[in-house]
Amino acid sequence: MRGTMRFSRMLLHTLKESPSDADVISQKLMMRSGMILKVAAGIYNLLPLGLRVISKVEGIVREEMNRAGAQEVSMPVVMPAELWKESGRWDVYGKELLRFKDRHDREFCLGPTHEEVITDIVRRTVRSYRELPLNIYQIQTKFRDEIRPRFGLMRGREFTMKDAYSFHATDECAEREYRNMYDAYCRIFERCGLKFRAVEAETGAIGGRFSHEFMVLAETGEDAIASCNACSYAANTERAEIRPPETAISNEPAGPIEAVKTPGKKTVEDVSALLKVAPSRLIKTLIYETDKGVIVALVRGDYELNEMKLCRAIDAEWVKLADEETVRKTTNAPSGFAGPVGLKADIWADHGVRGMVNGVTGANAADEHLINVCEGRDFEAQFADLRVVVAGDACPRCKGALEIFRGIEVGHIFKLGTKYSSALSATFLDETGKAQPFIMGCYGIGIGRTAAAAIEQNHDEAGIIWPGPLAPFSCEVVPVNVADEGTKKAAEALYHALQEAGCETLLDDRDERPGVKFKDADLIGIPVRVTIGERNLKQGLVEIKERRAKEARLVKVEDAAAAVMEALKTRLPGS
RNA sequence: CGGGGCGUAGCGCAGUCUGGUAGCGCGCCUGCUUUGGGAGCAGGAUGCCGGAGGUUCGAAUCCUCUCGCCCCGACCA
């Protein structure tokens, strides 16, 4: 990468207004600052300024991966269907996997991830436990035909990802590498200047048993995370556990169970309003179809069921809300009037339902509900943590309470086990000469998403405020008026001095009015700006302003380069 | 895939209801003036009005079909 650049020569066009299709701040600012240019839905050109930032992120990732002992390779974007059929994912991956045929009518796909290919590499090269462990990574383009791409680089269809895969002879070794990657990821995101949390997460389509997501905290994040206010527990809300409440002994006298007419009132709000009962007194009854048969799930009216928790609780492969027909068959009533009383089915209930007295449920008859329903007396259920976490819920690990934050998932680490090595018959010979499948781990980082997340976390009304290590340039030199010979000379001299000092510098040598240059400088967000104007120059001074700071300061022209380097070193390390 | 919306100059938009010379702001080009927070004046260029059919003397405008894009939902490392 060339260290310095003249604005007048750079392919860099800023916009005063945001393109109408941008809807999060990072996307708006990336488009306005001329970093990216859209080609199609979820597909972008990276223009010079944008590429410089992406290269910075890649550089940090590469350094830390290498330091952690991983080796870089490059795998193809296009891959044959055979590998995916071998792993079984050709049939399960769905439409996100973009498939096509070549001229010989052979099936191919664009790689959305590379477990198959890397496993193929290793099974064809590694023979012995002596060659393990191994951690192989690449920084490469992925394609996932997302249903709805959005938010610019945050959720594109084509995107750059660092994906690493490790191979081990033993579980302990895989565990160590997981830890090693966890630490490397922390270093990477720290170096990027991001505020983040590592949280426990679901494993999704990649498979495997447990995983951590690295979340950059930001209001616009697509994920919600629960984080304990007292201990270090943090988890994606898809997974976050809730400490079961102490069973409250209600001293409310239990009333006689009774049916009431509730014509057409199917939702919690409707029933609650009609009967003048708080939603928390209602028992929501959900009928699920699962690979273990029909399951009835109960959750308090003011809570939401978490399907993944239900899945885990009943040890099912999948669960799916039952259709109208199944509901009728199970409850003898149209949907909206289901209740646990008298139901002949496998009933699971969230802890919040335990000990409920005088609750309200459907009567398993059209247009009817039951009041004064008591858990234990009128129905029985197996209890589990089944609901979606909400702010204030009890931490599963300590006495603290959970807070909910929004976050952007920038990294994800998985323990894969032998899922892919077994499927692809990738084995090594152990000490006893016996063939064993590799134990694998998998570790991803969204490169473009990390850059976008940095903007979400670092901007103001005027534009981007790059963390030093990600900034496309470290310093911008702004001559106020290039028509003035003295100004121009001083700017050129400083530009060359900074170049000599190894500082990546952008010289705004355009014949534009100062206001235009200042607005662009703020928008682009380079950490340090040196303004050179006739007025100050007469006193032998130039102005240094840090993008993040409100105030500028004056230094002697001859000290300017040194002052810039000093600012970068002391206050903006890594720039 | 379901619901909603939008395609008019590089960008942001008006014009469409009620058919009749294609507009505005920003940007771009030329010249002069100006030079510390998106300058002023004067001149100028730029449109398959997303595409294809149709109705009509005449279509950006009405009808049909199509493609693309955006939002909400379902889905998803």
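The chains referred to below are lettered A, B, ... by the order of the sequence lines, with proteins before strands, and numbering in each begins at 1. Atoms considered below: every heavy atom in the structure, side chains included; atoms not considered: hydrogens, waters and symmetry mates.
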Test side chain to side chain contact (heavy atoms under 4.5 Å, CB included) applied to A/Ile408 and A/Glu456, A/Glu219, A/Gln457, A/Met215, the passing residue: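 Of all the options given, the one that passes is A/Glu456.
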What contact category does [X] fall into here, base, sugar-phosphate, or nothing, at under 4.0 angstrom with non-hydrogen atoms?
{"X": "A/Ser18", "answer": "sugar-phosphate"}
{"X": "A/Asp522", "answer": "base"}
{"X": "A/Glu96", "answer": "sugar-phosphate"}
{"X": "A/Arg510", "answer": "nothing"}
{"X": "A/Glu213", "answer": "nothing"}
{"X": "A/Asp163", "answer": "nothing"}

Counterpart base for [N], defined by Watson-Crick or G-U wobble contacts under 3.5 Å:
{"N": "B/G7", "answer": "B/C67"}
{"N": "B/A14", "answer": "none"}
{"N": "B/A39", "answer": "B/U33"}
{"N": "B/C62", "answer": "B/G54"}
{"N": "B/A77", "answer": "none"}
{"N": "B/G2", "answer": "B/C72"}
{"N": "B/A45", "answer": "none"}

Test applied, salt bridge (charged side-chain N to carboxylate O under 4.0 Å, His left out); reference residue, A/Asp520; option that passes from A/Arg32, A/Arg529, A/Arg510: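 By the salt bridge (charged side-chain N to carboxylate O under 4.0 Å, His left out) criterion, A/Asp520 pairs with just one of A/Arg32, A/Arg529, A/Arg510: A/Arg510.
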Side-chain N or O of A/Lys517 closer than 4.0 Å to phosphate OP1/OP2 of B/G37: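 A/Lys517 to B/G37 OP1/OP2: no side-chain N or O under 4.0 Å.
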A/Arg513 side chain near B/A39 phosphate (N/O to OP1/OP2, under 4.0 Å):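 Affirmative; the distance criterion is met.
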Crowding at NZ, A/Lys488 (>12 non-hydrogen neighbours, <6.0 Å):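 No, the 6.0 Å shell around NZ holds no more than 12 heavy atoms from other groups.
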Other residues, nucleotides, ligands: >12 heavy atoms within 6.0 Å of A/Glu558 CD: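 Counting neighbours around CD of A/Glu558, more than 12 heavy atoms of other residues, nucleotides or ligands fall under 6.0 Å, so yes.
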Donor on one side chain, acceptor on other, A/Gln140 and A/Asp163, under 3.5 Å: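 Looking only at side-chain atoms, A/Asp163 and A/Gln140 do not form any donor-acceptor pair under 3.5 Å.
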Side-chain donor or acceptor of A/Arg547 paired with backbone N/O of A/Asp522 under 3.5 Å: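 A pair under 3.5 Å: yes.
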A/Tyr178: ring pair (Phe, Tyr, Trp, His ring centres under 6.0 Å) partners, not counting sequence neighbours: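 Per chain and number, A/Tyr178 pairs via ring pair (Phe, Tyr, Trp, His ring centres under 6.0 Å) with A/Phe210, A/His212.
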Residue whose nearest RNA chain B nucleotide is more 5′ - A/Pro19 or A/Gly444: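 Between the two, 5'-proximity favours A/Pro19.
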Residue whose closest nucleotide on RNA chain B lies nearer the 5' end, A/Glu222 versus A/Ala552: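 Looking at the nearest nucleotide for each, A/Ala552 comes out on the 5' side.
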Per-nucleotide protein contact string for nucleotides 66-71 of chain B (B base, S sugar-phosphate only, - none; heavy atom under 4.0 Å): ---SSS
